[in-house]
Number of protein chains: 2
Amino acid sequence: MSEELPTPPWDRSRRRAAPVRVPLTPERIVDAAYVVLDREGYDKLSMRQVATELGVAVSALYTHVSSKDELLELMYLRLFRGWEVPDPDPERWREQVAEFAREGLDRLRRHRDMARISMVGVPFSPEVLPQMERLVTIFRSAGLPDPVAARAGDLLSTLVDAFAFEESIWQDRYRDSPDFSWTKVSESFQQYFKDLPPDRFPNLSALAPHMISDSQDDRFDLAVEIVIRGLASFVEEAATAGESGGRSAPAGEPR
Amino acid sequence: MSEELPTPPWDRSRRRAAPVRVPLTPERIVDAAYVVLDREGYDKLSMRQVATELGVAVSALYTHVSSKDELLELMYLRLFRGWEVPDPDPERWREQVAEFAREGLDRLRRHRDMARISMVGVPFSPEVLPQMERLVTIFRSAGLPDPVAARAGDLLSTLVDAFAFEESIWQDRYRDSPDFSWTKVSESFQQYFKDLPPDRFPNLSALAPHMISDSQDDRFDLAVEIVIRGLASFVEEAATAGESGGRSAPAGEPR
DNA sequence: AGTAGATCTGAACAGCGTTCACCGTACACC
DNA sequence: GGTGTACGGTGAACGCTGTTCAGATCTACT
């Protein structure tokens, strides 16, 4: 925060009585809110904390931001700033989709508990439409039928949000434990599954090593892979239907 | 609630001074919490409201329930009571998985904002393990490789939660509007997409009719269908690998 | 220079989760 | 049958929350 620096004397003599008090703006309020969020977490993110962070009375915030909900939405929109989705490359659509999902997750992970805010954000705000447009472009140029292409973006971003959300809950739950490390938690959970009575839980106990991933990324990557494969089956179906009027053999009937 | 009935005179004469005050239990507190939730929604669900609903002081709740978080968890666990997942039928695994997802969504829809509570619930509590065990059984008997089978249940329940969650947010956002109907909202959103500038949003505007489903179910069903197809590709892959050592042609590489 | 308008302050309100000293009743025991 | 103990419910309180509002203060334009 550059405004914390002392004002240089030569500058002060020039424009006399320089405004030592930087004017409050929505932008600065969002900045401060992010500082509080990262330090304290979502549950402790309050208007009073944000105001304190800015060295300002609580009520001052309300001239720039109409409510806490609006502040949260501004924070949500900030997430998407500068997100450039590449031009579609039909040869690489799977990778492009996976990268999109990964970028989304990474952005949510940039701030603690950000997913908690993101999940209640309006997914069709004008500010976030460009990315959705590009993603749908990728889907269409990959050969997905229009109804599927339209909804695949929705599915993917919901999935990203949900995984980040669960990650956030998890971390909150274990952050305060004295010796927190992901591998520790992961091991204790694998043990939990392994110790389940095999007569009542034959599969869960047998699959214990796989029930909890060593890293959170594995879990996410596999989920994305499954979705991409599901989408791919629609691409194949559309392709063979377009060529021969038939359909690819084992594609599964929509119910 | 049968305790609301007047106590019969003959019974009253028999065991004199019958306890007119029904004893408080976690069970009754959860009942009352559900009443408040359904009537007022998650944001208004407070310990004080629950206590008022029971005609009792707030502090009385804390002898039976250690915190609001515990109450929410008890509500969450109640959701799964009496959920019987059928025996695996490898011929019908797709349908069984779809039905599982549908049952999960339906249960979340039974109470207003229930998904808000469900998403922060512990997904591995002993009370919810039986359903997960059965689901994994279905996956394994369908021929999914173990690592995928173990995580597919996680993916599916996350998806169900997330969709129900978004539905809940949506409904909260429009519940108070004077003439609320899903078709109305859906139409106005389709119009919103159609009116987007076609030079900047060629795909979103072109796909406007598909961007918002007529019913919430379509959206969910397609998402589940995509996931099931993705899982199916792993089944095929495992099958052909088991027979011939090859792999099914266009399956996509995990990264 | 003076005034109009934007902006910030401090106090207040209603509601929240949670705690605690107190009280009444019911049951167990002598 | 009387007495004591332990449990369950009460009401008040604490510290926190989002939001509002009258008044003070500071900015900028005429």
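Below, all heavy atoms of this structure are taken into account, side chains as well, without hydrogens, waters or symmetry copies. Letters A, B, ... are given to chains in the order of the sequence lines, protein chains preceding strands, and every chain is numbered from 1.
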Check this for me: does the side-chain of A/S67 come within 3.5 Å of the base of D/dG18 through a donor and an acceptor?
no

Could you pick out which residue, B/V58 or A/A57, lies toward the 5' side of DNA chain C when each is mapped onto its nearest nucleotide?
A/A57

Separation of B/D38 CG from B/M114 CE (nearest 0.5 Å):
9.5 Å

Any N or O donor-acceptor pair under 3.5 Å from the base of C/dG15 to the side chain of B/R48?
no

Taking A/V128's backbone N and O only, do any of them form a donor-acceptor pair with A/S125's side chain (distance below 3.5 Å, no angle check)?
no

For B/T63 and D/dG8, is the shortest distance between a side-chain N/O and OP1 or OP2 below 4.0 Å?
no

Taking only side-chain N and O atoms of A/H64, does any of them lie within less than 4.0 angstrom of OP1 or OP2 on C/dC8?
yes

Distance, rounded to the nearest Å, where A/D43 contributes CG and C/dC16 contributes C1'
14 Å

Any donor and acceptor pair, going by atom type alone, linking the side chain of A/E133 with main-chain N or O of B/N203 inside 3.5 Å?
yes

Between the base of D/dG11 and the side chain of B/S59, is there a donor and acceptor pair under 3.5 angstrom?
yes

How long is the line joining CD of B/E73 and P of C/dG17, in whole Å?
17 Å

Mind calculating the distance between CD (B/E40) and P (C/dG15) to the nearest angstrom?
12 Å

Kindly say whether B/L204 contributes a backbone atom to a donor-acceptor pair with the side chain of B/K194 at under 3.5 angstrom?
no

Look at the side chain of B/M47 and decide which nucleotide, out of C/dG17, D/dT10, D/dT20, has an atom nearest to it.
C/dG17

